[in-house]
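Structure record follows, encoded as structure tokens.
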Amino acid sequence: MRDLGVGFQYLLKGQRWVARHGKQYGFGLVPGLITLVLYAAALVALALWGQDAVTWATPFADDWSSPWLGLFRGFLTAVLFALALLLAVVTFTAVTLLVGQPFYENLSEKVDRDVSPDGHAPESGLPLWRELWISARDSLRIVVRAALWGVLLFACGFIPVVGQTAVPVLGFFVTGFFLTEELTAVALQRRGVDLRTRLTLLRSRKTLVWGFGTPLAVAFLVPLVAVFLMPGAVAGATLMARELLGEEIDEGRAGGSAVEGDEGVSSLPQPPSGSPAPGR
């Protein structure tokens with residue numbers, strides 16, 4: 001359980017790091033603002049024409065008597081909008097990271113150099129187009145996984161009592177895990193760590209991941225908050241990625257007291273810096 005607090009500390013340290021580096025914070029806001037505008041436009045369009053889409057998709061209900069027709073299509077419209085909101089929360093980070101790949105790569109590298117005792121930041125050695133392709137491919141895989149969890153949790157939401165209490169809480173933990181995967185991917189991809197190995201690393205420290213990602217998932221329910229927290233979240237995820245790989249952190253520069261990682265993670269295979277992992 002101690003790892004829950006450690007994960008939350010990394011989230012705070014990331015926000016403190018960008019607060020001390022105003023220029024990096026300003027650049028980090030740009031991708032989030034672009035993504036926010038795109039998502040807001042999509043949700044507004046769904047709010048305006050969602051009922052029309054439901055009507056088009058349910059012609060078999062045209063002859064139903066009132067009030068069943070209105071209740072049925074109203075329920076489906078609400079479900080459609082709720083699923084869209086869930087998908088927006090889950091995919092916002094992935095889309096923002098894809099849009100802002102050069103911004104966040106630069107921010108993550110600067111964090112690495114700042115907290116590394118030798119001032120070194122691992123580099124992938126890959127061209128930008130290749131990094132974008134890997135990021136888009138892995139993000140799609142994560143979004144599919146998250147969508148499957150979303151459908152399962154939505155179905156469980158109809159279970160009396162449990163669906164209105166435990167399921168929403170579980171949903172935040174699931175969302176937090178996937179958010180953390182997307183954010184740590186910025187630093188881990190530069191180290192040649194592929195998606196399967198990243199998931200293994202994160203699963204080995206679930207409580208650490210939940211401590212970092214779950215509060216972020218709650219905050220990201222408000223899109224405007226997500227935009228302003230995003231740069232610090234990338235910085236904090238970079239710090240956490242270093243711990244997951246057993247890399248030393250200069251805590252004075254990281255902006256907090258020393259955090260000791262649990263043993264067992266360093267025994268996992270670590271790809272050499274700058275060398276793409278197998279399968280890339």
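Values in this document were obtained by computation on a predicted structure and should not be read as measured data.
- Under a 4.0 Å N-O distance rule, the pair Arg145/Glu181 does not qualify as a salt bridge.
- In plain terms, the two heavy atoms of Tyr104 and Val186 that are nearest each other are O-CG1, 3.6 Å.
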* To do: Give the C-alpha distance, both sets of side-chain angles, the deciding distance and a yes or no for side chain to side chain contact (heavy atoms under 4.5 Å, CB included) between Arg198 and Gln189.
  => CA-CA 9 Å; Arg198 293 202 303 270; Gln189 282 180 4; 3.5 Å; yes
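- Using a distance-only test at 3.5 Å, with no hydrogens or angles considered, no donor-acceptor pair links the side chain of Asp3 to the main chain of Val6.
- A donor-acceptor pair is defined here as one N or O able to donate and one able to accept, closer than 3.5 Å; no such pair exists between the side chain of Ser116 and the backbone of Arg113.
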N/O donor to acceptor pairs below 3.5 angstrom from side-chain atoms of residues 212-221, sequence neighbours left out:
from	atom 1	to	atom 2	distance (Å)
Thr214	OG1	Trp210	O	3.0

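- Taking CD from Gln101 and CG from Asn106, the interatomic distance works out to 11.5 Å, rounded to the nearest 0.5 Å.
- The two residues Trp56 and Pro59 make their nearest non-hydrogen contact at O-CD, 3.5 Å.
- Formation of a donor-acceptor pair under 3.5 Å by the Arg242 side chain with backbone atoms of Glu247 is not found in this model.
- By the side-chain contact (heavy atoms from CB on, under 4.5 Å) test, Val174 pairs with Trp149, Leu153, Leu170, Phe178, sequence neighbours left out.
- The list of side-chain hydrogen bond (donor to acceptor under 3.5 Å, both in side chains) pairs with a residue in residues 31-44, not counting sequence neighbours, reads Thr35-Thr96, Tyr39-Thr91.
- Side chain to side chain, Asp52 and Thr55 fail the donor-acceptor criterion of an N or O pair below 3.5 Å.
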Could you pull out all donor-acceptor pairs under 3.5 Å where a side-chain atom in residues 73-87 meets a protein atom, sequence neighbours excluded?
from	atom 1	to	atom 2	distance (Å)
Arg73	NE	Thr58	OG1	2.9
Arg73	NH2	Thr58	O	2.6
Arg73	NH2	Thr58	OG1	3.4
Arg73	NH2	Asp62	OD1	2.6
Thr77	OG1	Arg73	O	2.8

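- Taking the side-chain hydrogen bond (donor to acceptor under 3.5 Å, both in side chains) definition, one finds that Thr180 meets it with nothing, sequence neighbours left out.
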* For Trp17 and Arg20, what are the C-alpha separation, side-chain angles and deciding distance, and is it a side chain to side chain contact (heavy atoms under 4.5 Å, CB included)? -> CA-CA 5 Å; Trp17 191 92; Arg20 299 197 310 268; 3.7 Å; yes
* Using the side chain to side chain contact (heavy atoms under 4.5 Å, CB included) rule, take Met230 and Leu183 through it: C-alpha gap first, then chi angles, then the decisive distance, then the call. => CA-CA 9 Å; Met230 193 68 175; Leu183 290 163; 3.9 Å; yes
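- Listed by chain and number, the hydrophobic cluster partners of Val44 are Leu48, Trp49, where partners are ILVMFWY side chains within reach of under 4.5 Å, directly or through others.
- At least one donor-acceptor pair closer than 3.5 Å links the side chain of Tyr25 to the backbone N or O of Phe228.
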* For Lys110 and His21, run side chain to side chain contact (heavy atoms under 4.5 Å, CB included): C-alpha distance rounded to whole Å, both residues' side-chain angles, the deciding distance at 0.1 Å, then the answer. => CA-CA 10 Å; Lys110 288 187 181 299; His21 299 76; over 6 Å; no
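- Summarising the geometry of Val234 relative to Ser108, their closest heavy-atom pair is CG1-CB, 4.5 Å, with the distance given to 0.1 Å.
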